[in-house]
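Structure, as structure tokens:
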Amino acid sequence: MSPSPPFLDPKTGAIDWKQVLREAIPLARLVGLFVAVSLVPFAFVFLFEDNSALRAMFTVATQFVLAVGSGVVLMYVISRGIRLADEQ
């Protein structure tokens, strides 16, 4: 017998919303963490309105934090998906 797909209740075939929330909440926290960290250099962009060089530097820093955060979130999603597939 083939294993049941993740996020589906094997008895009814409906979506298991509790499992969806159990997986979505840590993911949302991870995304929120990187957004909160990126807000720090982004705030400095508005603080240094007169100096365009510092604005550019902090804009690049903000984009770097968001790019690294996107990579970390993607790696988390892939590793979690592999673990879920192994559990089934």
Side-chain angles (χ1 to χ4, degrees):
M1 186 171 159
S2 66
S4 65
F7 306 113
L8 290 180
D9 188 9
K11 297 173 187 165
T12 63
I15 295 175
D16 186 5
W17 291 107
K18 289 180 183 177
Q19 185 179 6
V20 170
L21 283 176
R22 279 194 307 265
E23 297 298 329
I25 289 173
L27 182 62
R29 286 183 180 162
L30 186 61
V31 169
L33 171 72
F34 281 104
V35 168
V37 170
S38 72
L39 286 177
V40 174
F42 189 63
F44 283 109
V45 170
F46 293 108
L47 186 65
F48 296 115
E49 288 185 21
D50 299 335
N51 193 341
S52 63
L54 282 175
R55 272 186 91 156
M57 183 182 71
F58 282 112
T59 301
V60 169
T62 302
Q63 292 176 357
F64 179 75
V65 170
L66 290 175
V68 169
S70 298
V72 170
V73 168
L74 183 60
M75 287 189 295
Y76 172 79
V77 168
I78 291 171
S79 67
R80 189 63 190 138
I82 291 171
R83 272 190 250 138
L84 280 174
D86 288 343
E87 289 175 5
Q88 299 295 323

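Remember, predicted model here, so these are calculated numbers, not experimental data. Heads up: numbering here begins at 1 and tracks the sequence.
- To the nearest 0.5 Å, atoms CZ (Arg22) and CG (Asp16) are separated by 6.0 Å.
- Ring planes of Phe48 and Phe44: parallel class, angle under 30° (limits at 30 and 60°).
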Tell me which donor-acceptor pairs under 3.5 Å the side chains of residues 51-60 have, and how far apart each pair is, sequence neighbours excluded?
unit_1	atom_1	unit_2	atom_2	d
Asn51	OD1	Ala53	N	3.2
Thr59	OG1	Arg55	O	2.7

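- No chain of hydrophobic side-chain contacts below 4.5 Å, direct or via other Ile, Leu, Val, Met, Phe, Trp or Tyr residues, connects Val77 to Leu84.
- Summarising the local packing, OH of Tyr76 is surrounded by more than 12 heavy atoms from other residues, nucleotides or ligands at distances under 6.0 Å.
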Throw together a table of side-chain donor-acceptor distances under 3.5 angstrom for residues 25-41, partners on residues two or more places apart or in other chains.
unit_1	atom_1	unit_2	atom_2	d
Ser38	OG	Phe34	O	3.4
Ser38	OG	Val35	O	2.8

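- Put simply, Leu66 and Phe64 are part of two different groups of oily side chains (I, L, V, M, F, W, Y) that touch within less than 4.5 Å, one to the next.
- Summarising the hydrophobic clusters (Ile, Leu, Val, Met, Phe, Trp, Tyr; side-chain heavy atoms under 4.5 Å, direct or chained), the residues clustered with Ile82 are Leu74, Ile78.
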